[in-house]
Structures are given as C-alpha cells and as structure tokens.
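If you're wondering where the values come from, they're calculated on a predicted model, not measured in any experiment.
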Amino acid sequence: MPPIIHPSDQKQWQNWHETYSQKLELLVDVWNANASQSTTEGYADTTRGLQELIAKALWEGQELRALGAGWSFSRAPATSGILVNTKPLNYVFPAPRTHPSYAGSREDLLFVQCGNSVAELNHFLKAKMGKALPTSGASNGQTIAGAIATGTHGSTLDFGAMQDFVAGLHLVVSPERHIWLERASNPTINDDVPQKLGAELIRDDALFNAALVSLGSFGIVHGVLLVAEDLYYLQAYRHRMPLTEGLWRAMDQLDFSGVQLPGPAGQRPYHFQVVINPNDLEGGAYVTVMYKHAQPPPGSKPPSPGSKLTQGDSALEIVGVLTDMVSDLTIPVMSKLLERFYGEFSNVAGTPGELFTDTTTRGKALGSALGIPLGQVRRAVETAMAINREYAFPGLLALRYTLPSKATLAFTHHAPMTCVLDIDGAGSARTKTFCQKVWQQLTERQVPYTLHWGKLNDLDGARVRSMYGPERVESWRKARAALLTSPELRAAFTNDYLRTLGLA
Amino acid sequence: MQSMLGSWRMATVLCLTLASACAHYRVQAPGHAGAPATEPEGEVLWSLAWGLVQEQPRVDNCQGQPLAEVNQSTNLGFALISVVTLGIAMPQRVEWRCAKAQPSPGELGALGATPGEVN
Ligand SMILES: Cc1cc2nc3c(=O)[nH]c(=O)nc-3n(C[C@H](O)[C@H](O)[C@H](O)COP(=O)(O)OP(=O)(O)OC[C@H]3O[C@@H](n4cnc5c(N)ncnc54)[C@H](O)[C@@H]3O)c2cc1C
C-alpha cells in the first residue's frame, strides 16, 4: 500500500530552536501505510512514495529536501520548495542477512528507516537487542538520517562520530532509481537484500564516504544500516578542577599523565569532556569522565531520571535548561545557576541511552562547534577566553573529542583526534558576535579549524575550500554527481545553504 | 513632529507587545514516546459565553497516533479581547505535534526470501 503523504497548510517552517523561519511551497509528512508493523513490502512501498515526491518536485521545478528533527541551527534542512518530514518513518529491521565476507556479527546490525530518533534507537537497541550505539550526541532528539547528515558527534575517545557506525545507506535518488550504498572495502549486506528492495547495489568507498555527511543533498536517505555494540554501561564522574598545566595538557593533547581524573586511578576514560565557564574561572572547569563497563560496577548509582540536567549533558543542554529557567540570562545569573544545577557527582552508571538523554528546551540557546586538531586546542580555548575578557558573553565553552571520521566532509576529520570546541550561549546577537570574533581571531592566528554543518557558522565557498582542501570538496561533489546524475536532480536536492557553501 | 515620533514609538512598542506571547504552556510526553513525528500544527480556538461554547481543535494529521506534545499560548492581544468582551470571547492558540507509531520489528529481505540463510 502506498504511504500516507499528508500535506500541511503551513507555508512557513521553523527549526527546533526557532533561530530562523523559512517560507516554503509545501510541507508534507510521510507515514508508512501500516505504521504498526515493519515490513519489507511496506518499506518498498514507501520508497515508491518518496520517488513520487521527487517526481513531483522535478515536474514542478521545485527544490526538495528531507527534514529530520529540525535540530540544526544552520539552514541545512531549510528549503523554499518541498520539505519532506521523514520523522514518522521509523521501521526497524534487526540482524539483516550479511555478505559472506562480512567479518562482524550479524546480531550487531540494525537496519532502520531514516526517521528513527536517537531516543527511539537507544530504546529499541537496549530493550530488544541488548545493544547500544557506540556514540551519540549529548542528547537524543535527532533522527538518524539527520544526525549523520551533518556529522553529529559525542565525546568518545575510542570512536568517531555517529556516521562512523553506519555500514550501509539506502538512498532514493530519482523517480526511477534507488541505491543501496556501502563500502567496497567492507561489504556488509547480503546481495539478496538490496535485490529484494529493488535497490541498485553499489559498493564504492569514495561514494559511500561522501554520502555519509550529505547535508541532505544526496537524495533522500530512506534507510540506514547501523553497527551497534553489546549493551554497555558508562560509569560517570564530574568534578570541578582547577585549570592547571596538567589539565591543559589533557585538554590540548589528551595526555592524562599530569592530571588526576575523577574515578578509578590510572584508567583511560571512554568519554572525556570539559565545560568551562569563561566568566568564572576561579572555581575551575567542570570535568566529566566516563569509563566503559559490560555491567554497572558494584556500588555505582543509577542516573536520576527526571533531573533537569543529566550526567551526559554538554554546554548546549546546560544553556538550554538555564535559559528555560531565566529568560534573560546574564553572566552572574548564569554562573550561579550553573553552580546550582550542573553539580559534581561520582560513580553514577547508566547505559548511553540513559546518560545522553532527552532535552526539552528550545528557542533560547544557540550553539557553534569548531573541529580542532589536538595540539591546537589550548590556543583555541585561550583565544576564546581572551575575547571573552573584552566582550563577555553569557555562555559556555565545552571540549569534546572524537576519532577522525572517514566521511569526506566530516568536520571531525582532524587526525589523530578531533577536539570539538563548543561555544554555546543564550540565543542572542551577542552570542553570534562572540562566535564570529572567535572564528575571525582563529583564522588570523592560523589555528586550523572546521565548523559543525548543523550549528551556527558563517561558511562560504572559499572558506569551505580552505578548511577542507579542494580535493575533499571536489571528491564530495563528484560523488554527488555520480549519484544524482542529471543537473535537474542536483538542482532539486540543492538549497540556499548548499549554494552559500559553494557545494551545489 | 516630536509627538508624531512619540506616537510611532508607542505604536511600535504596542505592536511588539501584542505580538509576543505572554503565557505559554507545553505538555510533552516523557521519554522516547515524546519524540514527535510531526511539525507543529495549530489553531486559534475561541471559548465563547464564559466557556459555554468551546471550540475543539481539528486534529486530522496524526494518522491514528496519539499526541506527543500540546502547546497552549495566549498573548496580550488575546488577553485584551477577553477583558474588553468581559470574558464573553476568550481566544487562545493551541498547537500540537503527533507522536510516532511504535512499529514492531520486521525481517529485512523477507519478501519471498529463503529464510534461515545466514552470513
Ligand atoms: C539541543 C541540541 C543538542 C545538540 N547536540 C549535539 C551534539 O551533542 N553533537 C553534535 O554534533 N551536534 C549536536 N547538535 C546538532 C544536531 O545534532 C545536528 O544539527 C543534526 O544534524 C540534527 O539532526 P536532525 O535530525 O534534527 O536533522 P535536521 O536538522 O532536520 O537536518 C539536518 C540535515 O539532515 C538532512 N536530512 C534529514 N533527514 C534526511 C533524510 N531522511 N535524507 C536525507 N537528508 C536528511 C536535512 O536535509 C539537513 O540537511 C545538537 C542540536 C541541538 C538542537
């Protein structure tokens, strides 16, 4: 049965944080005809429904864009044409049949429809498969397709960003064509599966790596094949620590030799994150560390559900919660609230889904994130702190870390490790100006950095090329042209954001 | 000239105040059940004759799924209407997002596939 394609009356769309609104021609919700049972037939029918929407866009000369949760601060999901809400598409297919040469375990694989949120995945993986995602952002409202499209990351020292646990993509690229794409170097799915779905099977590393962080511009990602892990627990600690040379070395190079991290001595953490309130350095930085275990360690406490801020929250969630309490977040108020609500704790253990959990805030926070190679982190943070002395902003700096991503345009591609410097503040002109000053100073001081595609940024074609190098950019565009084979298709999957980035 | 400028300013301030929401309530389902499937849809609903006649929202976009979230808001304009009409007409804006379905898992490739073949 064809999917239900429900047109909305809205001619205007706003992102989750209401940082912008966009006039559009049409917003449609797409629902599987039978929403209560995941079936291959239903999935294949919905593929055809998505193809019809592409046909409509081509026929009317409209742009078309898939929408996830709308959590991006950037205009990545915005279009003046047809916005296709994919959130209702949440079929799940555990343990699909694998390729004979696949070395991993079939039981770790989960094929999901694009609209599954990270929260839904956490829940399903734990409850039905005894598994967990290797990493996620600090909260869980993104859809899987939306999260990977901009390169969403967490702060896991032993893993990359979210797109790095993806082994296959099912892309709807035209009214006649849909593709199962995976790496030639790691064939994962049994050839039968794409065949049953009617999808063309392409195994190609360059195409796959480019399509991961696609900014919504490689067609509609209908399905994602994930590689999960056995369910694990994170034993978490947060202490406030003075900004000593040892802590700077940990932040700059992940060299923990000069610092006594909270928790079991001498163990390298699985998760390491530092939140700095640049307006209150006296009390030190908030250092959160988490150690990975197969079971909750004896004596550990479970996370307290329903608390305003949870153990996994990062700067954006903190600012969001605080701006919800006090609409006009001044610097002294921010520092007071932070002390009160972002407290220290020890030995709390939970699954990743329990620690990186819901955020209900919207509308008042604004965030940017810079990808910085190790060894440049201290310079970058000190630059931001110096700017704050001249132009103080009511916000926070946070440091998170990931292994370099294989995705062609991942902003977390810096080897051997990318540090992500989050700058999060109240949604105000001051926060924006602060971010701009930091970007400008870092450029002038020749500190290499990239910017999160889904957060506040001021990128244009020239800056994208200088950040990623012309080869990466060309290889991404070439891959896009290989999948969207006509100029009309490429035009349909373009938006103002892509044009501004010089990637159209 | 001065007084004209003054009244423009007054008018601008009034417009801005009227446009801004002065009360806003959000009710959201907890946990993953609160993951919304849709973007907000909304209507202005009128309560007439001190609540004797109450308009109901027409929720026609949830495809049989429950609501994940309801927002109710009023603004100064709505409050003024309520005061001026002595409560005979009380407008408010209601917005909702539908919840997601919770499909049971499926078997990929079951479409005529030979089951039991692994790796
Ligand atoms: C409260 C909050 C916390 C955040 N925390 C983090 C964090 O910890 N780490 C981090 O890295 N980022 C974080 N972000 C940023 C966020 O993860 C990214 O912006 C992410 O892309 C949002 O996902 P989404 O589902 O909302 O996608 P959207 O914002 O809706 O879309 C993002 C892109 O994905 C595309 N897209 C969506 N669905 C599809 C599809 N089916 N097919 C093709 N393209 C599609 C869109 O067209 C768009 O280009 C946070 C944002 C917020 C608001």
Side-chain angles (χ1 to χ4, degrees), chain A residues 4 6 8-10 13-14 27 29 31-32 34-44 67 69-70 83 85 87-88 90-100 102 106 111 113 115-120 122-124 128 140-141 189-190 192-193 195-197 223 305-306 353 357-358 360, chain B residues 17 19-44 57-71 73 93-119:
Chain A
I4 298 160
H6 180 92
S8 148
D9 303 333
Q10 287 186 57
W13 174 80
Q14 261 197 325
L27 166 67
D29 300 325
W31 296 79
N32 295 308
N34 175 0
S36 60
Q37 165 73 49
S38 312
T39 63
T40 316
E41 292 86 346
Y43 182 93
L67 171 67
L83 190 61
N85 172 26
K87 284 188 286 295
N90 61 348
Y91 278 175
V92 279
F93 300 93
R97 294 170 58 213
T98 51
H99 190 268
Y102 180 61
R106 174 180 175 180
F111 181 67
Q113 241 179 336
N116 272 283
S117 71
V118 176
E120 288 177 285
N122 284 336
H123 179 76
F124 182 82
K128 301 286 192 277
N140 59 14
I189 202 75
N190 191 292
D192 270 3
V193 173
Q195 200 189 332
K196 294 275 155 36
L197 296 177
T357 181
D358 311 327
T360 51
Chain B
T17 323
S20 71
C22 63
H24 187 93
Y25 303 97
R26 184 161 78 222
V27 182
Q28 189 177 9
H32 72 281
T38 57
E39 295 300 294
E41 284 276 337
E43 276 180 42
V44 174
R58 284 178 306 273
V59 180
D60 63 354
N61 63 327
C62 288
Q63 316 307 332
Q65 301 307 320
L67 296 176
E69 180 184 315
V70 177
N71 286 295
S73 54
R93 183 162 176 83
V94 173
E95 283 188 346
W96 62 90
R97 288 181 188 247
C98 308
K100 291 188 164 189
Q102 297 189 13
S104 49
E107 200 185 319
L108 191 62
L111 203 72
T114 25
E117 239 177 280
V118 209
N119 283 1

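Proximity of A:Tyr91 to B:Leu108: side-chain heavy atoms (C-beta onward) are nowhere separated by under 4.5 Å. Under the 4.5 Å side-chain criterion, counting only non-hydrogen atoms from C-beta, B:Glu39 is not in contact with A:Gln14. Within the 4.5 Å cutoff, no side-chain heavy atoms of A:Gln113 are placed close to those of B:Pro103.
Heavy-atom distances place both the backbone and the side chain of A:Ser8 under 4.5 Å from chain B. Heavy atoms closer than 4.5 Å to chain B are found nowhere in A:Tyr43, neither backbone nor side chain. Both the backbone and the side chain of A:Gln37 have a heavy atom closer than 4.5 Å to some heavy atom of chain B.
Distance check, rounded to the nearest 0.5 Å: CG of A:Leu27 to OG1 of B:Thr38 gives 9.0 Å. In this structure, the separation between CD on B:Glu107 and CZ on A:Phe111 is 14.0 Å, given to the nearest 0.5 Å. To the nearest 0.5 Å, atoms NZ (B:Lys100) and CG (A:Asn90) are separated by 5.5 Å.
Annotation for B:Ala99 and A:Trp31: closest pair O-CH2, 3.6 Å, computed over non-hydrogen atoms. Minimum heavy-atom separation, B:Asp60 to A:His6: O-CE1, 3.5 Å.
Considering only heavy-atom pairs separated by less than 4.5 Å from chain A, the leading option among B:Ala101, B:Gly106, B:Cys98 is B:Gly106.
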